[in-house]
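Working notes, structure below.
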Amino acid sequence: MQIQLDLGKTPFSLDHTLSCGQTFRWERQGDWWTGVVSQKVLKVRQVNGTMEFEASSEAADAQFLSRYFRLDDDLLRIYSRFAKDHYLCNAVREFYGLRLIRQEPWECLVSYICATFKNIPAIKQMIRNVSRRFGRPVLFKGQQFFTFPESSVLAEAELRDLKLCKLGYRASNVRETAKLINDGNFDLESLREMAFKDAKRVLLSLPGVGEKVADCVLLFSLDKLEAFPIDVWMKRVVLEYYSENFEPAFVEKVKLKRTLSRREYQTLYDFGRSYFGEYLGYAQEYLYHYKRCQAQAGS
DNA sequence: TGTTTCCCTAAGTC
DNA sequence: AGACTTAGGGAAA
């Protein structure tokens, strides 16, 4: 059964939201996007101010979609707080309506542990492989999809099988993290109620989770909009667009390095926090997408 | 114009 | 500070 969700005057762009690289389980065919979210298959398209969708389960109703796509965020207010320079104004104009997505924390955590040193097509491939190998099949409109496996399943997975999913050295990090989560030492949902710094400290204790992965999980699944993940693209954004905020020697030194030390990461974060304000997580996502599109257009 | 090969780099962590 | 580790994708052949 097809359901409609009226967006009213709420700024929203389904295409920008699903194209910007924050999530790895959606595919576009024509106007329609199909993806697996929390045990359900969704097929969605946007026609101006309306979202039309179908789902494999009735649990995926308009309220579910509204929560997943963060339609509760007041985007205009968020824009007014950070769109104060050339780059952000351009990014907001170009990607108007792009929203962060409220992902399922466990899948988000594994996705970003896998994301280290990989490009987005490769990450999508890994998550697809893991779901096909360890997830549960769901039939939707005559096609077979696979849910993302629970931590209990990955905790008992053979390393060999995870490596066959092309995880490489990430396989052991995924399995050991799954064990810790599954043993009940960590309740990911409880992090949502904690302060940003406390939640981050907990995540940093998991194998395969450093500053950047922790920030991604906090931003994309645990409602911490003050997270500001700095990967190679965001490093370039900060050091190229906002270099005047740093010592020239620092800029030159950090530009040349492949990876950031914890101290350097913190220095870039502190700039983001003071310059972009309370919604720096949103600013991050716009600038990340903007920089990647610029690079693609230029080459 | 269609393959194959080579090379660089990727939503970093420890 | 340097090792880890691998596949996608563009350039070159």
Side-chain angles (χ1 to χ4, degrees), chain A residues 16-27 91 95 98 100-101 103 105 107-130 159-178 180 200-222 224 227-240 253-269 272 280-299:
Chain A
H16 291 324
T17 298
L18 293 179
S19 301
C20 72
Q22 59 180 316
T23 179
F24 306 104
R25 290 272 269 166
W26 288 90
E27 298 295 335
F95 307 124
L98 187 161
L100 292 172
I101 284 178
Q103 299 183 38
E107 179 177 333
C108 185
L109 172 60
V110 175
S111 298
Y112 282 96
I113 288 176
C114 289
T116 68
F117 248 12
K118 284 290 173 186
N119 57 27
I120 290 171
I123 302 162
K124 285 186 166 182
Q125 175 83 274
M126 288 188 273
I127 299 304
R128 191 159 50 233
N129 292 341
V130 167
L159 277 186
R160 191 186 125 70
D161 292 333
L162 285 170
K163 288 188 178 176
L164 284 176
C165 295
K166 303 188 176 180
L167 297 201
Y169 68 90
R170 303 158 193 81
S172 59
N173 288 335
V174 167
R175 191 181 63 177
E176 297 313 305
T177 290
L180 286 167
K200 185 163 178 176
R201 190 175 310 122
V202 173
L203 287 173
L204 286 173
S205 70
L206 295 166
V209 180
E211 296 281 334
K212 187 267 175 184
V213 173
D215 274 344
C216 285
V217 176
L218 291 165
L219 180 63
F220 299 135
S221 74
L222 292 167
K224 304 302 180 199
F228 189 71
I230 304 165
D231 68 326
V232 290
W233 295 99
M234 282 309 292
K235 186 185 90 171
R236 289 170 194 155
V237 164
V238 175
L239 296 180
E240 291 173 22
K253 181 178 134 200
V254 176
K255 265 186 181 174
L256 291 174
K257 297 181 66 172
R258 282 184 87 185
T259 63
L260 301 173
S261 70
R262 192 160 281 201
R263 185 182 180 82
E264 289 157 348
Y265 190 100
Q266 189 63 42
T267 301
L268 298 184
Y269 176 87
L280 68 166
Y282 257 101
Q284 187 275 352
E285 202 55 20
Y286 275 82
L287 290 169
Y288 171 81
H289 194 36
Y290 182 74
K291 184 64 174 165
R292 278 174 49 92
C293 289
Q294 292 284 95
Q296 196 171 25
S299 63

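All values reported here derive from a predicted model rather than from experimental measurement. Proteins come first, then strands; the chains are lettered A, B, ... in the order of their sequence lines, and each starts at number 1.
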Could you tell me how far apart A/Q103 (CD) and B/dA11 (C1') are, to the nearest whole angstrom?
12 Å

Base, sugar-phosphate, or nothing: which does A/Q22 touch, judged by heavy atoms less than 4.0 Å apart?
base

What's the separation between atom CG in A/L100 and atom OH in A/Y286, rounded to the nearest 0.5 Å?
8.5 Å

Distance col, row A/Q294:CD vs A/R236:CZ, nearest 0.5 angstrom, shows 13.5 Å

Out of B/dA11, C/dG8, B/dT13, which nucleotide sits closest to the side chain of A/D231?
B/dA11

What do you reckon, is NZ of A/K253 surrounded by more than 12 foreign heavy atoms closer than 6.0 Å?
no

Name all residues meeting the side-chain contact (heavy atoms from CB on, under 4.5 Å) criterion together with A/P121; count only those two or more places apart in sequence or in a different chain, and write none if there are none.
A/N119

Which is true for A/L206 with a 4.0 Å heavy-atom rule: it touches a base, it touches only sugar-phosphate, or it touches nothing?
sugar-phosphate

Using whole Å, report how far CG of A/L218 lies from C1' of B/dA11.
15 Å

Can you check the distance between C/dG10 and B/dG2, where both ends of the measurement are the C1' atom (answer in whole Å)?
16 Å

Is there a donor-acceptor contact under 3.5 Å from the side chain of A/E285 to the main chain of A/Y282?
no

Between P on B/dG12 and CE on A/M126, what's the gap in Å once rounded to a whole number?
10 Å

If you pin A/C20 and A/G208 to their nearest nucleotides in DNA chain B, which one's is more 5'?
A/C20

Which parts of nucleotides 5-10 of chain B does protein reach within less than 4.0 Å, heavy atoms only, written one letter per nucleotide 5' to 3' as B for base, S for sugar-phosphate only and - for none?
-----B

How would you list, by chain and number, every residue that makes a side-chain contact (heavy atoms from CB on, under 4.5 Å) with A/A283, sequence neighbours excluded?
A/F82, A/L88, A/F276

Nearest-Å distance for atom pair CG/C1', residues A/L109 and B/dA11:
14 Å

How long is the line joining NZ of A/K124 and P of B/dA11, in whole Å?
12 Å

Rounding to an integer number of angstrom, what distance separates C/dC4 and B/dA11 when you compare their P atoms?
23 Å

State which residues pass side-chain contact (heavy atoms from CB on, under 4.5 Å) with A/T267; sequence neighbours excluded, sorted by chain then number.
A/F246, A/F250

Spacing of A/N173 atom CG relative to C/dA3 atom P, expressed in whole Å:
19 Å

Side chain of A/A122 - closest among B/dA11, B/dG12, C/dG8:
C/dG8

How is A/F220 classified with respect to the nucleic acid when contacts are heavy atoms under 4.0 Å: base, sugar-phosphate, or nothing?
base

In whole Å, what is the span from the CG atom of A/L203 to the C1' atom of B/dG12?
15 Å

When you measure from the side-chain N and O atoms of A/Q125 to the phosphate of C/dG8, is any distance below 4.0 Å, counting only OP1 and OP2?
yes

Contacts of A/T23 meeting side-chain contact (heavy atoms from CB on, under 4.5 Å) (sequence neighbours excluded), chain-then-number -> A/L18, A/W26, A/Y68, A/I101, A/Q103

Which value, rounded to the nearest 0.5 Å, describes the distance between A/D231 atom CG and A/Q284 atom CD?
7.0 Å

A/L159 CG to C/dT5 P, straight-line distance once rounded to whole Å
12 Å

Which part of the nucleic acid, if any, lies within reach of A/K166 when heavy atoms closer than 4.0 Å are counted: base, sugar-phosphate only, or nothing?
sugar-phosphate

Using Watson-Crick and G-U wobble pairs whose two distances are both under 3.5 Å, how do you write the pairing of DNA chain C as dot-bracket, with | for links to another strand?
.|||.||||||||

Side-chain donor-acceptor pair present, A/D215, A/Y265, cut-off under 3.5 Å:
yes

